[in-house]
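Comments concern the structure below.
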Amino acid sequence: MSTSTSPAAMLLRRLRRLSWGSTAIQLFILTVVTFGLLAPLACHRLLHSYFYLRHWHLNQMSQEFLQQSLKEGEAALHYFEELPSANGSVPIVWQATPRPWLVITIITVDRQPGFHYVLQVVSQFHRLLQQCGPQCEGHQLFLCNVERSVSHFDAKLLSKYVPVANRYEGTEDDYGDDPSTNSFEKEKQDYVYCLESSLQTYNPDYVLMVEDDAVPEEQIFPVLEHLLRARFSEPHLRDALYLKLYHPERLQHYINPEPMRILEWVGVGMLLGPLLTWIYMRFASRPGFSWPVMLFFSLYSMGLVELVGRHYFLELRRLSPSLYSVVPASECCTPAMLFPAPAARRTLTYLSQVYCHKGFGKDMALYSLLRAKGERAYVVEPNLVKHIGLFSSLRYNFHPSLL
């Protein structure tokens with residue numbers, strides 16, 4: 001007597017034939033364990049990762065960041081209070097003679113008291129210049145105070161140690177009488193004033209415009225030396241309008257409207273895919289080479305790098321100045337911008353022709369000029385400054401946050 005096999009029994013028999021050693025099952029388990037367990041556990045506190053648990057960590061991390069910034073502001077204040085005064089004549093940071101190669105202009109306004117942002121920036125530049133030694137003898141620090149009131153304590157303190165240009169000292173500016181001049185246009189005019197003052201005062205080869213909440217990274221001077229003396233001798237870089245030293249980490253993912261990153265992303269897959277395939281084949285004792293497995297690991301590595309955060313993998317480039325990349329710039333933002341002197345003069349002319357307003361700040365104005373004037377600009381990766389200011393000089397922010 002024969003009995004018909006039910007569909008459930010047939011399915012059970014087929015499942016039993018499947019081995020846990022099957023390549024497809026192994027790769028499926030690897031995917032689930034990586035993206036469903038290991039990566040979320042390892043990256044849930046990484047601020048710029050897709051696995052970051054914002055609702056769990058953001059408020060606490062923001063408060064910790066503010067507390068740390070307060071401590072560093074106090075440390076910077078003590079740093080200058082204990083530094084011998086130069087009485088404004090010969091700065092503690094040596095003067096480049098007869099003409100500096102690079103002027104580092106820090107633009108400052110009086111913002112949130114207690115954090116001493118500009119003191120943090122200048123003290124770090126001072127330390128790095130001292131560590132740099134003779135290689136940085138052609139570098140000059142220059143402070144540009146664009147605060148309209150006379151209450152900028154930090155700028156007064158710094159005037160004992162570095163040269164200072166005060167835009168509003170002893171003058172009456174139209175901004176005070178013309179309510180139609182908005183804060184975005186004023187910021188642009190301040191920027192123009194500081195860039196022009198840097199050129200007129202020192203006539204340098206390069207001007208580095210730094211906002212007062214952008215602290216330089218340890219590698220900034222070796223990297224700039226390499227970029228400007230080696231990489232920017234190349235024809236396609238030589239005539240650039242500017243080089244950005246900072247781009248917000250939250251905008252550094254591969255999934256962004258910047259084609260060069262897509263090529264880099266594919267390159268990551270082409271590099272790691274074959275490597276991970278070889279490791280898998282070796283440890284799984286699989287003979288030969290499998291193109292489907294290599295395709296899997298290429299996509300696997302691309303997904304992992306994107307979800308963990310491209311920003312964190314860019315940090316590997318800090319191992320050597322030659323590993324830093326230079327790619328076409330996008331519109332946001334301007335914490336640190338390097339201008340060759342001829343390009344700086346062109347920039348002054350260009351900015352005088354545009355009017356800034358809400359939704360069209362100076363960063364967007366500079367970016368819009370690239371296409372309008374047929375210019376090129378670039379950004380260096382990873383960043384060469386850290387943005388520490390959670391309090392904007394343009395907008396009131398009663399609840400500062402890291403994101």
Side-chain angles (χ1 to χ4, degrees), residues 69 72 75-76 79-80 91-96 100-108 116-144 158 161-163 194-195 198 202 204-233 237 240 242-249 252 311-312 314-327 329 333-341 343-344 377-389:
S69 187
E72 292 176 356
Y79 179 87
F80 283 105
I92 295 299
V93 178
W94 54 86
Q95 296 235 38
W101 181 67
L102 172 68
V103 168
I104 305 161
T105 300
I106 296 108
I107 311 165
T108 182
H116 302 291
Y117 286 133
V118 68
L119 297 185
Q120 294 186 52
V121 174
V122 177
S123 64
Q124 178 70 348
F125 269 119
H126 183 221
R127 292 190 192 99
L128 295 178
L129 285 169
Q130 287 184 317
Q131 293 172 12
C132 183
Q135 286 187 331
C136 294
E137 286 183 351
H139 297 28
Q140 174 66 54
L141 270 181
F142 183 50
L143 187 68
C144 187
L158 288 172
Y161 308 104
V162 296
C194 294
L195 182 56
S198 304
Y202 293 105
D205 292 332
Y206 296 94
V207 179
L208 174 57
M209 299 286 286
V210 182
E211 295 176 3
D212 62 2
D213 57 357
V215 175
E217 294 279 4
E218 294 286 336
Q219 311 90 346
I220 187 169
F221 291 127
V223 174
L224 286 179
E225 181 79 13
H226 170 74
L227 291 177
L228 297 180
R229 298 198 186 276
R231 303 274 286 277
F232 269 69
S233 61
L237 298 176
Y242 57 81
L243 174 68
K244 290 173 52 177
L245 307 191
Y246 175 85
H247 193 61
E249 292 85 353
Q252 289 182 347
H311 160 72
Y312 300 104
L314 282 176
E315 294 298 300
L316 296 173
R317 292 182 178 271
R318 297 193 189 277
L319 293 173
S320 169
S322 60
L323 294 178
Y324 281 71
S325 64
V326 176
V327 297
C333 304
T334 59
M337 308 276 285
L338 183 77
F339 296 89
Y378 299 91
V379 59
V380 61
E381 293 180 328
N383 292 333
L384 287 175
V385 299
K386 292 178 290 188
H387 186 243
I388 62 170

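All residue numbers in this chain count up from 1 along the given sequence. What's counted below: heavy atoms across the whole structure, side chains too, no hydrogens, waters or symmetry copies.
The salt bridge (charged side-chain N to carboxylate O under 4.0 Å, His left out) search around Glu381 returns Arg310, not counting sequence neighbours. In this view, Glu249 satisfies the salt bridge (charged side-chain N to carboxylate O under 4.0 Å, His left out) rule with no residue, not counting sequence neighbours.
Using a 4.5 Å heavy-atom cutoff, the side chains of Leu245 and Leu224 are in contact. You'll find the side chain of Ile106 stays beyond 4.5 Å of the side chain of Phe142, heavy atoms only. Counting only heavy atoms from C-beta outward, the side chains of Arg317 and Ser325 approach each other to under 4.5 Å. When side chains are defined from C-beta on, Thr105 counts as touching Val207, because their heavy atoms get closer than 4.5 Å. Counting only heavy atoms from C-beta outward, the side chains of Phe125 and Arg127 never approach each other to under 4.5 Å. In this structure, Leu228 and Leu338 have side chains that are in contact, with non-hydrogen atoms separated by less than 4.5 Å. Tyr206 is listed as a side-chain neighbour of Trp101, based on a closest heavy-atom distance under 4.5 Å. Residues Val210 and Ile107 are not in side-chain contact: their nearest non-hydrogen atoms beyond the backbone lie 4.5 Å or more apart.
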Practice prompt. Let me see the working for Leu227 and Val380 under side chain to side chain contact (heavy atoms under 4.5 Å, CB included), right down to the final yes or no.
Written response: CA-CA 9 Å; Leu227 291 177; Val380 61; 3.8 Å; yes

Discussion item. Assess the residue pair Met337 and Leu208 against the criterion (side chain to side chain contact (heavy atoms under 4.5 Å, CB included)); give the C-alpha distance rounded to whole Å, side-chain angles, the decisive distance to 0.1 Å, and a yes or no.
Written reply: CA-CA 6 Å; Met337 308 276 285; Leu208 174 57; 5.9 Å; no

Worksheet item: Do Gln120 and Gln124 pass the side chain to side chain contact (heavy atoms under 4.5 Å, CB included) test, and can you show the C-alpha distance, the side-chain angles, and the key distance before you say yes or no?
Response: CA-CA 6 Å; Gln120 294 186 52; Gln124 178 70 348; over 6 Å; no

Worksheet item: Could you walk me through whether Phe221 and Ile104 pass the side chain to side chain contact (heavy atoms under 4.5 Å, CB included) check?
Response: CA-CA 11 Å; Phe221 291 127; Ile104 305 161; 3.7 Å; yes

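Residues His139 and Gln135 share a closest heavy-atom pair of CE1-O, 4.1 Å. Closest heavy-atom contact between Pro248 and Cys333: CG-SG, 3.7 Å. Residues Pro222 and Gln219 share a closest heavy-atom pair of CD-O, 3.2 Å. Across all their heavy atoms, Val121 and Pro216 have their closest contact at O-CD, 4.1 Å. Nearest heavy atom pair, residue Cys136 against residue Leu129, reads CB-CD2, 3.8 Å. Contact record, Met209 with Cys194: CE-CB, 3.8 Å, taken as the closest heavy-atom pair.
Salt bridge present: Arg318 and Glu217 bring a charged side-chain N and a carboxylate O closer than 4.0 Å.
Checking Asn383 against His247 by side-chain atom types alone, no donor-acceptor pair falls below 3.5 Å. Using modelled atom types, one finds no donor on one side chain facing an acceptor on the other under 3.5 Å when comparing His126 with Tyr161.
Atom CG of Leu119 and atom OH of Tyr79 lie 11.5 Å apart (nearest 0.5 Å). Here Ser69 contributes atom OG and Tyr117 contributes atom OH; the two are 4.5 Å apart, rounded to the nearest 0.5 Å. Atoms CG and OG1, on Leu158 and Thr108 in that order, are 8.0 Å from each other to the nearest 0.5 Å.
For Tyr324 and His226, the ring centers sit 6.0 Å or farther from each other.
Between Phe232 and Tyr378, the ring-plane angle classifies as perpendicular under the 30° and 60° cut-offs.
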